[in-house]
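Here the structure is a predicted model, which is why all the values come from computation and not from measurement. Any value given below was found using the heavy atoms of this structure, including those in side chains, with hydrogens, waters and symmetry copies removed. Naming convention: chains lettered A, B, ... in sequence-line order (proteins, then strands); numbering from 1 in each chain.
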2 protein chains.
Amino acid sequence: MTRNLKVILEYDGSRYHGWQRQREPLTIQQVLEECINRITGEDVRVNASGRTDAGVHAMNQVANFRTQSNLDTIRLCKGINSLLPKDIVIKELAEVSDSFHARFDVKSKVYMYQLFNNPVRPVLCRLYTWPIYKPLNLESMKKAAGHLLGCHDFSSFCGTGCDMENRVRTVMSAEITSFDSGLIRINVEADGFLRYMIRNIVGTLIDVGRGKRLSDEIPGLIAAKDRRRAGMTAPAQGLFLKEVKY
Amino acid sequence: MTRNLKVILEYDGSRYHGWQRQREPLTIQQVLEECINRITGEDVRVNASGRTDAGVHAMNQVANFRTQSNLDTIRLCKGINSLLPKDIVIKELAEVSDSFHARFDVKSKVYMYQLFNNPVRPVLCRLYTWPIYKPLNLESMKKAAGHLLGCHDFSSFCGTGCDMENRVRTVMSAEITSFDSGLIRINVEADGFLRYMIRNIVGTLIDVGRGKRLSDEIPGLIAAKDRRRAGMTAPAQGLFLKEVKY
């Protein structure tokens with residue numbers, strides 16, 4: 001009997017060329033599929049909620065795969081985890097209805113981006129933040145983030161070479177939280193994200209925070225549907241897929 | 001004119017054989033002194049508030065050194081930081097009175113230890129926590145920590161081969177904070193720490209949290225002045241020198 005299994009994964013993307021299996025460099029999908037293969041003896045294909053790019057991390061990536069293995073879910077989970085490298089782990093593994101698909105069934109996703117705003121470069125959080133040395137105006141950034149809310153064509157934030165036809169997405173929330181240490185977390189929830197969308201949004205918010213743009217320029221920037229109007233792409237190391245909702 | 005300079009350092013101890021200069025393996029003191037040497041042209045010796053052991057991190061280690069360099073403190077700090085590797089940084093550099101000594105003048109130090117209490121191994125915080133898979137009873141641990149407060153002979157928590165004669169130290173606070181993620185932080189402030197003291201305390205608190213010892217056994221354990229009575233030495237990767245007070 002074939003079972004449909006859903007997994008929740010945490011990974012440190014630093015070493016990987018993103019989620020999706022490719023011919024050459026190491027990817028998370030490839031490593032995971034090989035470990036599942038060694039446990040089940042099957043040539044499984046794992047569907048994730050979406051690709052994460054090279055260097056991007058996940059706190060709770062969701063994926064599913066089908067297996068004929070009789071192993072109970074606890075053993076299967078322990079077995080696969082024992083083979084996975086230190087920077088990937090399955091946090092949960094459960095049998096789900098046959099119709100569940102980790103990508104097609106997504107209702108929304110939450111991404112978190114970590115900045116470190118301090119004149120001194122970060123050391124202990126250097127692997128998971130984007131350092132911004134000059135002071136940021138958080139209030140302007142929060143105001144700018146507010147303009148992202150709602151349903152828009154996000155072409156201005158879509159990576160060049162993006163072949164997605166429909167670029168309309170709904171942003172449900174965009175929140176910025178700062179900590180005494182200089183750490184700043186930007187959480188964005190949307191029904192879907194275009195390629196580099198969140199990193200281009202963060203790059204643009206940084207421009208606002210540094211006074212290079214006004215927060216009120218954001219609506220015009222979105223309306224322009226022109227990638228050249230938005231800010232730089234924030235580096236991958238600060239980005240985390242935080243949650244996938246179904 | 002010789003100036004006495006105080007520095008506050010952040011470092012990731014993972015790669016280092018501790019603070020103190022040694023003949024062979026890489027140490028933080030050695031790397032720092034070499035960078036200062038390249039900037040000032042002098043063969044300086046840096047005094048830290050105390051050694052940190054191999055693999056132990058620092059959020060705010062304090063040290064001082066003397067220099068005849070005329071460079072202003074901002075330039076000196078930037079210059080040294082530009083040479084330091086990514087896992088060491090000077091957060092502050094300031095001229096202080098000639099009498100200041102980073103070790104002799106310490107009033108108290110605060111160490112933080114990070115546990116990750118979760119049945120699933122940590123990935124994103126794996127480099128800076130000690131994973132404990134079985135559930136911990138936090139209330140018992142907090143009660144046990146309370147017994148450490150005050151002035152005691154801490155021989156029972158002193159690493160074997162410790163040649164310190166006076167092992168009496170005063171613990172001003174010992175607090176345990178838990179987070180939803182499974183992260184647990186243990187903060188201990190004392191007027192001084194014996195070798196491995198904090199890591200042996202953490203190992204003992206884990207025994208209490210797992211029900212292997214009662215929190216009320218701590219006073220007897222301290223009174224015994226016998227290292228064999230305490231728990232295991234917690235691994236270095238979870239330990240941070242958080243603050244040094246003068």
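- Counting heavy atoms of neighbouring residues, nucleotides and ligands inside a 6.0 Å radius, atom CZ of A:Arg75 does not exceed 12 of them.
- When all heavy atoms of A:Lys86 and B:Arg121 are compared, the pair lying nearest together is O-NH1, 3.4 Å.
- Of all heavy-atom pairs between B:Val123 and A:Asp12, the closest is CG1-N, 3.5 Å.
- Other residues, nucleotides and ligands place no more than 12 heavy atoms under 6.0 Å from the CG atom of A:Asn70.
- For B:Leu84, the parts lying near chain A are the backbone and the side chain together; criterion is any non-hydrogen pair under 4.5 Å.
- With a 4.5 Å cut-off on non-hydrogen atoms, B:Val120 touches chain A through its side chain but not through its backbone.
- Enclosure of atom CZ in B:Arg38 is not indicated, since only 12 or fewer non-hydrogen atoms of other residues, nucleotides or ligands lie within 6.0 angstrom.
- The neighbour count for A:Asp43 CG, taken as heavy atoms of other residues, nucleotides or ligands under 6.0 Å away, does not exceed 12.
- The number of heavy atoms from other shown groups lying within 6.0 Å of NE2 (B:His17) does not exceed 12.
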_Please determine whether side chain to side chain contact (heavy atoms under 4.5 Å, CB included) holds for the pair B:Phe240 and A:Leu124, giving the CA-CA distance in whole Å, both sets of side-chain angles, and the decisive distance to 0.1 Å._
CA-CA 10 Å; B:Phe240 298 76; A:Leu124 288 164; 3.9 Å; yes
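- For B:Ile88, the part lying near chain A is the backbone, with the side chain staying farther off; criterion is any non-hydrogen pair under 4.5 Å.
- Using a distance-only test at 3.5 Å, with no hydrogens or angles considered, no donor-acceptor pair links the side chain of B:Glu10 to the main chain of A:Pro122.
- When heavy atoms are compared at a cutoff of 4.5 Å, B:Arg126 approaches chain A solely by way of its side chain, counted from C-beta outward.
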